[in-house]
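To start, the structure under review is shown below, and the notes come after it.
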Amino acid sequence: MSKMKRIISLLFLPLLLMLVLSGCKGESVANENIAKRIKEEPTIIWGVKYDTRLFGMMDIKTRQVEGFDIDIAKAITKEILGEEGKAEFVEVTSKTRIPLLKNGNIDAIIATMTITEDRKKQVDFSDIYFDAGQSLLVKKGSPIKSVKDLTADDTVLAVKGSTSTINIRKHAPDAKILELENYAEAFTALQSGQGQAMTTDNAILLGMASENDNYELTGGTFTNEPYGIAINKGQDDFLEEVNQALHKMHDNGIYNKIFEKWFPKDAEGRAKKGAQF
Ligand code: GLU
């Protein structure tokens, strides 16, 4: 081979590889138009939690994932695709959800995810569909009554990739933080005494406290955590459909029905305040 030919083939090799790797479709999964695809094959793939009671929890007996996020995802799917529409669920953790979305493994994240300016640089968010706030979970009788009581002697358990880990450093700068992979691990760590408190959103902690009488929420909330559905950038049609579905569900009462199913105690207060989402 002449030197020139070798240079040309070296230049084209990466291009050829790229074409082969991206498959016959000629576009990567992350770049496909989701709004178009789901009209052809009526399935939306949702990234959800599998270990978070009240939002997304795998029931090992029925092998079904259940919770508020799951019901909202199913209802949005039906609003967009009609009765034959299928909602498929893939497990995400706080750490894996954005990478899985960006790689095209899932179409959307509905997984207790707070809308933040930082995350908006990477993904788009739907309108707010749930309001939470960060709080603390402690053993009953603990001297920790609020975030201000956390000292350098305390270890707080939090989950990697969550806003809770970032916020707790600001609100309890002296405390030690131990970051776990997911909420099941964090609660186990609290129960085995690896920390004096666990921190995340009040609604998530409520799910844990309701399952275990020895633990309670303390000190109220110290941040606002508005939840949104995350969708890849460049999927404006799909995002618009999700927002329209949310608004329709609010108008036709489906949203309230789902809310009351999972948060019966809060539903009354919400109704009185005239809360929208
Ligand atoms: N809402 C917070 C967040 O998005 C905490 C819950 C979670 O880790 O999913 O980070």
Side-chain angles (χ1 to χ4, degrees), residues 46-58 65-73 89-102 105-106 108-137 147 156-172 175 177-190 195 197-211 215 217-232 242 259 262-263 266 277:
W46 299 90
V48 298
K49 294 284 180 77
Y50 272 31
D51 71 343
T52 305
R53 200 165 297 285
L54 301 179
F55 287 91
M57 184 73 161
M58 176 53 84
V65 60
E66 291 168 354
F68 179 76
D69 282 344
I70 308 302
D71 285 350
I72 295 286
F89 298 110
V90 170
E91 182 180 13
V92 300
T93 65
S94 304
K95 194 177 81 175
T96 64
R97 58 193 163 192
I98 291 184
L100 285 172
L101 181 69
K102 294 205 139 229
N105 297 61
I106 50 181
I109 302 166
I110 182 156
T112 65
M113 189 168 181
T114 302
I115 302 168
T116 69
E117 287 311 311
D118 219 38
R119 288 173 177 165
K120 274 194 207 162
K121 290 179 198 150
Q122 300 193 67
V123 297
D124 285 342
F125 280 102
S126 72
D127 295 337
I128 301 167
Y129 73 93
F130 187 88
D131 267 313
Q134 190 168 340
S135 190
L136 295 174
L137 186 72
V147 72
V156 186
L157 306 160
V159 168
K160 288 179 189 168
S162 68
T163 52
S164 332
T165 351
I166 302 165
N167 297 335
I168 195 67
R169 286 188 207 286
K170 278 187 225 144
H171 287 84
I177 319 288
L178 179 60
E179 291 184 43
L180 287 306
E181 290 299 321
N182 57 48
Y183 285 100
E185 271 186 28
F187 190 44
T188 307
L190 180 68
M198 172 179 170
T199 189
T200 187
D201 301 337
N202 52 352
I204 299 175
L205 295 175
L206 208 72
M208 293 172 182
S210 72
E211 274 303 289
Y215 293 87
L217 274 78
T218 189
T221 57
F222 51 92
T223 69
N224 290 323
E225 307 290 329
Y227 290 178
I229 296 165
I231 289 169
N232 268 324
V242 166
F259 190 95
W262 293 101
F263 307 101
D266 293 347
F277 281 109

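All values derive from a computational prediction rather than experimental measurement. Note that these values count all heavy atoms, side chains included, but never hydrogens, waters or copies made by symmetry. Counting starts at 1 for both ligands and their atoms, following the listed order.
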Going by the atom numbers of ligand 1, which of them fall below 4.0 Å from some non-hydrogen atom of [X]?
X      : answer
Thr114 : 1 (N), 2 (C), 3 (C), 4 (O)
Ser94  : 7 (C), 8 (O), 9 (O)
Thr112 : 1 (N), 2 (C), 3 (C), 4 (O), 6 (C), 7 (C), 9 (O)
Ile204 : 6 (C)
Met113 : 4 (O)
Lys49  : 7 (C), 8 (O), 9 (O)

Relative to ligand 1, is [X] under 4.0 angstrom through side chain, backbone, both or neither, heavy atoms considered?
X      : answer
Thr200 : side chain
Ala111 : backbone
Arg97  : side chain

*Which residues pass the side-chain hydrogen bond (donor to acceptor under 3.5 Å, both in side chains) test with Thr200, sequence neighbours left out?*
Ser164, Tyr183
Compute the shortest N/O to N/O distance between [X] and ligand 1 and return yes if it is under 3.5 Å, no if not.
X      : value
Ser164 : no
Ser162 : no
Tyr227 : no

Rounded distance (nearest 0.5 Å) linking atom [atom1] of [X] with atom [atom2] of [Y]:
X      : Y      : atom1 : atom2 : result
Trp262 : Ile70  : CH2   : CD1   : 8.5 Å
Thr114 : Glu225 : OG1   : CD    : 3.5 Å
Glu66  : Asp71  : CD    : CG    : 8.5 Å
Ile204 : Asp51  : CD1   : CG    : 9.0 Å

*asked:* Does either side chain, that of Gln134 or that of Thr199, offer a donor lying less than 3.5 Å from an acceptor on the other one?
replied: yes
*According to the interplanar angle, ranging from 0 to 90°, do the rings of Phe130 and Phe263 count as parallel (below 30°), tilted (30 to 60°) or perpendicular (above 60°)?*
tilted
*How far is atom 5 (C) of ligand 1 from its nearest protein heavy atom, and which residue and atom is that?*
Asp201 OD2, 3.3 Å
*To which protein heavy atom is atom 2 (C) of ligand 1 closest, and what is the distance rounded to 0.1 Å?*
Thr163 OG1, 3.2 Å
_Working for side-chain hydrogen bond (donor to acceptor under 3.5 Å, both in side chains), residues Asp69 and Tyr227_ = CA-CA 10 Å; Asp69 282 344; Tyr227 290 178; over 6 Å; no
_Option set Arg119, Gln134, Glu225, criterion heavy-atom distance to atom 4 (O) of ligand 1, minimum_ = Arg119
*Are Leu205 and Met208 side-chain neighbours, meaning at least one heavy-atom pair lies under 4.5 Å?*
yes
*asked:* Using only atom types and a distance under 3.5 Å, with no angle test, would you say the side chain of Asn232 pairs donor to acceptor with the backbone of Leu101?
replied: yes
